[in-house]
Amino acid sequence: MDKRTKKILVLEDSSQSGYGGGQRITEEICKSISIKHKLFIIDSIDSLLLKKMKNFSSNINISNLKLEKYIGNIVLFNFMLIFKPIFIYIKYFKKTDIIYVTTRKQFFTAALMKIFFPNKKIFYHHHLHVSKGIVWKIFYYLVDIFSDKNIFASHYILNEFINKGILSSKKMQSYLVSPFPPAKWKNDDLLLSPTIPIKPFIIGYIGRLSKEKGIYFFIEVIRKLPPNLDFEAWIAGDGEAKIEILEAINKSELKSKIIYKGIVETDFNFYKQISLTIVPSFYINESIGLTALEAIQAGIPLLTSRNGNLGYFVENNYSIGLNEEVSDAVEKVLKVYKALEVNSLRKNNILKEELFKEFYNNLF
């Protein structure tokens, strides 16, 4: 593909289920490619992504999107598309060269538009694991027909598609894995930063507060740490277990040790204040592992389960792997503490912003 400046339409929907891994990737994409290319972002009206991008670059056009009250309402329901919003998209499709789709729901819109604009290129970014059922078989069939290039957010998702034969061999020749994490990261970049706090030793949990994500496991690990250890446990996030967890903490001997920080922004200020991040997710289809990625980016020591894409981090020495035993986690927390004390632990790899710029500018 030629390297001229292009007009790229990004289809996203970040209001439906919060600001998760997929939206975080889309934010990085928009920041990176807007440096060289002209971007048009279509998203839901109350999108956090649009708020974040609003003042980022003059190459990002979102000024008219508040008028599009139907944006984000394209759904597949009983095999019928809601067509009314389609006409809103046409003016954007006419003026762009490439449609970059980041959600399944918006892909149907892009596929329909390509019927009318066959010269447009569709790039689809996969950041969810493979789903089962007739509806999803239809979806993957459409991706196989209409997508010109497939980008996978993690090696875990890519391997699922390969092992299950989701896309044809022809389409699988045109895939890329976005730099999460990139092969260019080195395992021996820098020694551990002396600014990582050690007294007190601060252990962080960031993410959804649910059994599936391992919050109860995290609490049990904290409960089993030696009482003479000078530490604090910081919890950040929201979820269905929040009220139960906070009530239990307030009634326990851990009240002075566990601090609830609420919902925190992804600006790395939180990570800069902690000594260790634990991601004990029990979700077997952990397709990205957003908290783990952010901890790696921030250069913080990391303990994770081996589920889904988290296993990739363990295998490639980006994190220390946990099994499902609390005693194993306690032992590894103490090992990290001792390594920090003698400053022998090496710093995790730092995500270089230029890697994203290079990846996405070469892509387009």
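None of the values given here were measured: they were computed from a predicted structure.
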Mind checking whether Phe231 and Tyr337 have side chains closer than 4.5 Å, heavy atoms only?
no

Flag if over 12 foreign heavy atoms under 6.0 Å of NZ, Lys164
yes

Could you tell me whether the side chain of Phe282 reaches within less than 4.5 Å of the side chain of Lys211, counting heavy atoms only?
no

For Ser147 and Asn150 the tightest heavy-atom approach is OG-ND2, 3.2 Å

Between His129 and Tyr156, what is the shortest heavy-atom contact and its length?
CB-CE2, 4.3 Å

Answer yes when Glu286 and Lys213 have at least one side-chain N-carboxylate O distance shorter than 4.0 Å, and no when they do not.
yes

Counting only heavy atoms not in Ile243, do more than 12 sit closer than 6.0 Å to its CD1 atom?
no

Heavy atoms, side chains only, cut-off 4.5 Å: are Leu334 and Pro226 in contact?
yes

Got Ile98 and His37 here, is their nearest side-chain heavy-atom distance under 4.5 Å?
no

Main-chain N/O of Pro280 paired with Ser305 side-chain donor or acceptor, under 3.5 Å:
no

State which residue, out of Tyr124, Phe123, Phe161, fulfils the ring pair (Phe, Tyr, Trp, His ring centres under 6.0 Å) condition with Phe152.
Phe161

Main-chain N/O of Gly237 paired to Tyr260 side chain as donor or acceptor, under 3.5 Å
yes

Lys120 atom NZ: more than 12 heavy-atom contacts under 6.0 Å:
yes

Check this for me: Tyr141, atom OH, are more than 12 non-hydrogen atoms of other residues, nucleotides or ligands nearer than 6.0 Å?
no

Shared hydrophobic cluster for Tyr283 and Val279 (ILVMFWY, side-chain gaps under 4.5 Å):
no

Between CE of Met113 and CG of Leu9, what distance do you get to the nearest 0.5 Å?
11.0 Å

If you measure from CG on Leu276 to OH on Tyr205, what distance do you get to the nearest 0.5 Å?
14.0 Å

With clusters defined by side-chain heavy atoms of hydrophobic residues (ILVMFWY) lying less than 4.5 Å apart, directly or transitively, does Leu128 cluster with Phe108?
no

Testing the basics here: between Leu322 and Arg306, what is the closest heavy-atom pair and its distance to 0.1 Å?
O-NE, 3.6 Å

Ile258 and Ile249 have their tightest heavy-atom pair at CG2-CD1, 3.6 Å

Is there a side-chain contact between Ile206 and Tyr271 (heavy atoms, below 4.5 Å)?
yes

Heavy-atom closest pair, residues Ile166 and Val130:
CD1-CG1, 3.8 Å

Rounded at 0.5 Å granularity, tell me how far CD1 in Ile284 sits from CG in Leu310.
12.5 Å

Quick one: does Leu209's side chain get under 4.5 Å of Ile245's, heavy atoms only?
no

Glu240 CD: over 12 foreign heavy atoms closer than 6.0 Å:
yes

Note, Leu225 side chain near Val330 side chain (heavy atom, < 4.5 Å):
yes

Can a donor-acceptor pair be found, under 3.5 Å and without considering hydrogens, that links the side chain of Asp328 to the backbone of Asn323?
yes

Indicate yes or no for a side-chain donor-acceptor contact from Asn307 to the backbone of Ser281 under 3.5 Å, with no hydrogens or angles considered.
yes

Nearest 0.5 Å please: distance from the CG atom of Asp238 over to the CZ atom of Arg208.
10.5 Å

Give the ring-plane orientation class for Phe93 versus Phe117, where under 30° counts as parallel, over 60° as perpendicular and anything between as tilted.
parallel

So, taking the atom named OG in Ser319 and the one named NZ in Lys332, what distance separates them when rounded to the nearest 0.5 Å?
9.5 Å

Would you find a donor on one side and an acceptor on the other, under 3.5 Å apart, between the side chain of Asp144 and the backbone of Tyr140?
no

Output yes when a side-chain donor or acceptor of Ser154 lies under 3.5 Å from a complementary backbone atom of Ser287, and no otherwise.
yes

Has Ile259 got more than 12 heavy atoms of other residues, nucleotides or ligands less than 6.0 Å from its CD1?
yes

Rounded to the nearest 0.5 Å, what separation is found between the CZ atom of Phe218 and the CD1 atom of Ile222?
4.0 Å

His127 side chain vs Ile288 backbone, donor-acceptor pair below 3.5 Å:
no

Same hydrophobic cluster for Ile138 and Ile115, using side-chain heavy-atom links shorter than 4.5 Å among ILVMFWY?
yes

Are any non-hydrogen side-chain atoms of Ile151 and Tyr100 less than 4.5 angstrom apart?
yes

Tightest non-hydrogen contact, residues Val314 and Thr304, listed as CG2-OG1, 3.5 Å

Would you tell me whether Arg104 and Ser131 have side-chain atoms, one donor and one acceptor, within less than 3.5 Å of each other?
yes

Test Ile278 against Phe217 for side-chain contact (heavy atoms from CB on, under 4.5 Å), laying out the working first.
CA-CA 10 Å; Ile278 301 181; Phe217 183 90; 5.7 Å; no

